[in-house]
Amino acid sequence: MSIEVKHIGKSFGSFAALRDVSLRVNDGELVALLGPSGSGKTTLLRIIAGLETADPNPRSEILFHDASVTNRSVGQRRVGFVFQHYALFRHMSVFENIAFGLRVRPRNERPSNPELRDRVNHLLKLIQLEGFGNRYPSQLSGGQRQRVALARALAVEPKVLLLDEPFGALDAKVRQGLRTWLRKLHDEIHLTSVLVTHDQEEALEVADRVVVMNQARIEQVGTPDEVFHRPATPFVMEFLGQVNVFRGRVSGGRVLLGELALDHPRHTAARDGSATVYMRPHELDIKLSRNGAPSLAARVVRLNPAGSVAKVHLRATDGADIQVDLTLDRFHELNLADGDDVFVYPKNARVFVPDYAI
Amino acid sequence: MEATLNKAIPIRPAARVRAATEEPLWVKLSLIGLSVGFLMLFLFVPLLAVFTEALRKGIGAYFASLSDPAALSAIRLTLITVAIAVPLNLAFGLAASWAIAKFEFRGKSVLITLIDLPFAVSPVISGLIYVLLFGMQGWLGPWLDSHGVQIIFAVPGIVLATIFVTFPFVARELIPLMQEQGTEEEQAAVTLGASGWQTFWRVTLPNVKWALLYGVILSNARAMGEFGAVSVVSGHIRGKTNTVPLHVEILYNEYNFVAAFAVASLLALLALVTLAAKSVVESRLHHHSQKTLEPATAEE
């Protein structure tokens with residue numbers, strides 16, 4: 001079942017949470033809405049679910065499987081919704097929590113008791129909590145609670161699954177485990193899913209496609225590979241992964257960055273003016289002496305080799321902070337020490353020239 | 001080896017070491033003594049006095065004053081009043097706190113203020129409001145009288161005054177709890193296909209049942225013991241419009257001390273029962289909120 005929203009706007013008082021947002025999620029896809037807090041991602045998710053209504057606009061529409069659900073109530077939309085803080089019914093056992101959606105159905109649609117028990121037990125097995133049916137939510141860990149919340153949402157056989165920062169309240173280790181588990185589950189049941197997260201790592205790892213949102217708008221939609229390696233806007237570049245940002249100048253089709261000059265064919269037509277240059281830490285190399293190629297002189301400030309890459313913090317001669325990630329092999333080869341004078345060589349750089357369209 | 005160690009490090013007796021947050025013994029004793037003395041003097045002794053006075057002429061006289069027709073009528077009237085006022089305030093309090101805690105609407109703060117009004121107004125004033133409205137010299141009195149309806153100096157007036165005075169108890173108990181619980185569980189219920197009614201009965205109500213019972217107990221105790229407002233509207237017609245507290249006053253004014261204290265002992269007993277019920281419910285309430293507020297410590 002595909003999900004499509006068209007021209008959705010939403011404001012709370014004078015605060016615009018969404019401005020004319022359109023998005024299509026294909027059948028069976030897992031899409032992540034990624035953005036900082038206040039970017040409108042949760043509002044968009046709640047509007048898809050029907051927990052929030054979009055501002056009136058004749059062009060705005062919400063479609064499930066290409067049929068409009070704009071005027072349907074939450075209950076009629078048949079969505080599975082998973083809340084950040086689980087929202088489990090605290091006075092009900094795990095079993096009753098999962099069975100809730102089936103028990104509140106009209107009498108003629110309600111499954112018989114043995115049927116209901118089978119369904120719930122099957123779901124308990126799916127979330128690896130067999131034997132926990134009689135426990136209460138307060139007796140479970142955070143990760144277990146969120147799995148119960150997921151089973152409860154799946155029990156009503158929803159057409160789409162909507163997850164609002166489902167792992168946001170959990171600690172890093174549990175988060176990692178649940179993330180992998182969720183992806184595996186999605187590969188098994190192929191339910192069209194939308195996941196809201198502010199954790200870029202989570203989005204890039206789990207989703208088929210990532211929707212990067214900022215200030216009530218969508219910045220870019222693409223596969224994790226696309227948004228990470230081919231960011232469409234400076235925001236996406238800065239939000240995904242670590243990046244070194246330099247203020248430079250465009251002059252005669254070249255980008256000048258202190259003593260460093262970069263050829264940039266995409267900007268040959270750009271007018272002279274300021275430009276922002278982005279370089280990811282792993283796209284920089286360090287050499288102990290100049291070799292003729294364009295480079296930046298810098299001094300080693302701090303070394304942190306604890307991790308899968310060695311992080312080297314440098315300060316350029318103009319005072320800018322630079323972070324370089326080296327492979328451990330390269331790090332040991334260079335044998336750096338604090339205070340060493342070195343030269344930084346960019347292997348790749350992205351230049352964004354501000355838009356003067358106004 | 002041990003001997004040398006003991007010699008090298010002199011060990012002080014542990015009892016002499018006082019924790020940094022502890023006060024000296026005399027401070028502790030005098031503070032405890034002061035509060036216990038105060039409680040004895042102002043609560044326990046008067047309570048004891050009620051029962052001693054009531055039983056001064058023996059157990060026979062005690063029961064005789066309770067089974068007096070006027071006393072029985074006063075007990076009956078109090079029970080009727082409570083049977084009407086408490087359920088009404090239960091329904092109202094539940095509806096009002098549901099609306100206030102779970103929805104946003106215009107005039108919400110006005111509603112909250114109105115709910116608190118009976119706490120702010122002296123009970124005598126609230127009684128007078130009803131006299132002003134429904135009395136023979138009041139705004140609606142003559143019209144009501146011409147239609148054969150009597151409110152002041154009759155049972156309806158007593159019930160109305162009691163409802164007014166006990167108005168805030170249930171709502172005040174529920175609003176903070178419901179606000180703290182938020183609306184996420186209700187939202188979850190709705191996404192699972194539950195109707196508004198099902199959400200209320202299956203999710204909202206079970207989550208507040210102990211607080212609700214607590215509010216009802218307090219409301220009940222106040223309804224039975226209310227004096228001021230009821231005194232103004234009742235007219236003190238013996239055997240007809242006297243509630244238990246009013247009956248106690250009449251007996252006392254007639255120097256019939258044994259009967260007055262015997263009937264008063266009923267109210268004192270009610271207070272004791274209320275306290276017991278209250279502490280039971282309170283512990284459940286506490287237990288309940290402890291359970292729900294407990295953070296998820298055990299991670300897998």
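So that the names make sense, note that chain A is the first sequence line, chain B the second, and so on, each numbered from 1. Values below: all heavy atoms of this structure, side chains included; hydrogens, waters and symmetry mates excluded. What you see is a predicted model; the values in this text were computed from it and never measured.
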Please indicate whether [X] has more than 12 foreign heavy atoms, meaning atoms of other residues, nucleotides or ligands, lying under 6.0 Å from its [atom1].
{"X": "B:F38", "atom1": "CZ", "result": "no"}
{"X": "A:E109", "atom1": "CD", "result": "yes"}
{"X": "B:K108", "atom1": "NZ", "result": "yes"}
{"X": "B:F119", "atom1": "CZ", "result": "yes"}
{"X": "A:N134", "atom1": "CG", "result": "no"}

[atom2] on [Y] to [atom1] on [X], rounded to 0.5 Å:
{"X": "B:L205", "Y": "A:H91", "atom1": "CG", "atom2": "NE2", "result": "9.0 Å"}
{"X": "B:L192", "Y": "A:R152", "atom1": "CG", "atom2": "CZ", "result": "5.5 Å"}
{"X": "B:E184", "Y": "A:D164", "atom1": "CD", "atom2": "CG", "result": "8.0 Å"}

## Note on the structure
Assert top hit (heavy-atom pairs under 4.5 Å, partner chain A, pool B:G193, B:G182, B:A194) equals B:A194

### Task
Any chance you could lay out the side-chain contact (heavy atoms from CB on, under 4.5 Å) test for A:F100 and B:V203, step after step, and finish with the verdict?
CA-CA 10 Å; A:F100 184 88; B:V203 178; 3.9 Å; yes

### Message
With a 4.5 angstrom heavy-atom cut-off, is it the side chain or the backbone of A:L102 that approaches chain B, or both, or neither?
### Response
neither

### Message
Less than 4.5 Å to any heavy atom of chain B: does that hold for the side chain of A:A153, its backbone, both, or neither?
### Response
backbone

### Query
So do the side chains of A:F81 and B:V190 get within less than 4.5 Å of each other, counting heavy atoms only?
no

### Message
What part of B:E185 gets within 4.5 angstrom of chain A, counting heavy atoms only: side chain, backbone, both, or neither?
### Response
both

### Task
Grab the two heavy atoms, one from A:A87 and one from B:A188, that are nearest each other, plus how far apart they are.
O-CB, 3.9 Å

### Query
For residues A:R103 and B:Q198, is any side-chain donor paired with an opposing acceptor at under 3.5 Å?
no

